[in-house]
Amino acid sequence: MKIASFNVNGINGRLPRLLEWLEASKPDVACLQELKSPDNNFPAAALRDAGYGAVFHGQRSWNGVAILARGAMPIETGRGLEGNLQDDQSRYLEAVVDGIVIGCLYLPNGNPWPGPKFDYKLEWFDRLCAHAQRLVDFGLPAVLAGDFNVVPTDADIYNPASWRKDALLQPESRAAFARLLDQGWTDAIRALHPNEAIYTYWDYWRNRWPRNAGLRIDHLLLNRELAPMLTAAGVDREVRGRPGASDHAPVWVEIAV
DNA sequence: ATGTCGACTGCTAGTCGA
């Protein structure tokens, strides 16, 4: 079973790129972020024609997450995170596909740091950790997939010095990510590729893609039920190099189920 | 300090967010 995560940066403008990637990579499950589309404009019919059932949690202009399943309809089990009734941003969606719990998330960027947006990032992260602990306690096979907007270590970025004041590298952001892993989640890319420079995001600015000046911020985390079944993990880098690409590339895992 | 995008509106130019 292949499970992927892809920040599409606008699902309607990106639809041709998304469809060609689905056709080429054929993930069984695809978690999408930054739909930037309200639910009534989600391209469900085009995805259905491509062979994918979809559940989605969109909003106008920003954010938005979706879970696609090849030849199946994901069974939605939750949207949004508990603990803050004032939070109206569409950043978390959860569904079951083939008996696996799929948590699709778009963690707040948090810039500029410091400030209220960074405070929101940490507050959202706290609620994610609380929810993730419940998934761990459930004991069902589970994946947390998405754009975490965290560069876990200095090995996950081309040059940490120039990003030291960015929300993505703050010690508090990294500590929250480490706290999440400590619950019993495995960072799939690092489990199989502990020493390689692997990136998933290259800013549109400053020639960053041609220079391979990237960051690893899109992650697939496997719980203890699933981690022993991990057989492969990678990034579809070529997607980032195409005309009209998202600033993120898809990341994926293969699970022996 | 900054070269890019996508979505949106006071809508063909400027704003916001990333």
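Below, read A as the first sequence line, B as the second, and so on, with proteins coming before strands; counting in each chain starts at 1.
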Problem set entry | Which residues share a side chain to side chain contact (heavy atoms under 4.5 Å, CB included) with A:Leu181, sequence neighbours left out | A:Phe177, A:Trp185, A:Asp187, A:Leu221

For this session: Just call it for A:Tyr106: base, sugar-phosphate, or nothing, with non-hydrogen atoms closer than 4.0 Å on any strand.
Result: sugar-phosphate

Exercise. How about A:Asn212: does its CG atom have over 12 heavy atoms from other parts shown lying under 6.0 Å from it?
Worked result: yes

Problem set entry | Integer angstrom distance from the C1' of B:dG10 to that of B:dC16 | 14 Å

For this session: List in chain and number order the residues that pass ring pair (Phe, Tyr, Trp, His ring centres under 6.0 Å) with A:Trp202, two or more places apart in sequence or in another chain; answer none if no residue qualifies.
Result: A:Trp209

Seminar exercise, completed: The answer to which of A:Asp203 and A:Gln59 contacts DNA chain B further toward the 5' end, by nearest nucleotide, is A:Asp203

Exercise. First contact, last contact: which nucleotides of DNA chain B are these for chain A, 5' to 3', heavy-atom distance under 4.0 Å?
Worked result: B:dT2 to B:dA18

Exercise. What interatomic distance, in whole Å, is found between C1' of B:dA18 and the corresponding atom of B:dG3?
Worked result: 16 Å

Problem set entry | Set of residues satisfying ring pair (Phe, Tyr, Trp, His ring centres under 6.0 Å) with respect to A:Tyr199, sequence neighbours excluded | none

For this session: Pull out every residue in residues 5-17 of chain A that has a heavy atom closer than 4.0 Å to any atom of DNA chain B, ordered by number, or say none.
Result: A:Asn9, A:Gly10, A:Gly13, A:Arg14

For this session: Could you pick out which residue, A:Asn111 or A:Ser61, lies toward the 5' side of DNA chain B when each is mapped onto its nearest nucleotide?
Result: A:Ser61

Problem set entry | Partner residues of A:Thr77 under the side chain to side chain contact (heavy atoms under 4.5 Å, CB included) criterion, sequence neighbours left out | A:Glu94, A:Val96

Only pairs under 3.5 Å count here: list side-chain donor-acceptor contacts from residues 64-72 of chain A, not counting sequence neighbours, and write none if there are none.
| from | atom 1 | to | atom 2 | distance (Å) |
| --- | --- | --- | --- | --- |
| A:Arg70 | NH2 | A:Asp28 | OD1 | 3.4 |

Problem set entry | Partners passing side chain to side chain contact (heavy atoms under 4.5 Å, CB included) against A:Ile100 (at least two apart in sequence or in another chain) | A:Met1, A:Ile102, A:Pro141, A:Val143, A:Leu226, A:Val257

Problem set entry | Sequence-distant partners of A:Phe56, ring pair (Phe, Tyr, Trp, His ring centres under 6.0 Å), two or more places apart | A:Phe42

For this session: Could you measure between the two C1' atoms, the one in B:dA1 and the one in B:dG6, and give it in whole Å?
Result: 25 Å

Problem set entry | C1'-based separation of B:dT12 from B:dA7 [nearest Å] | 15 Å

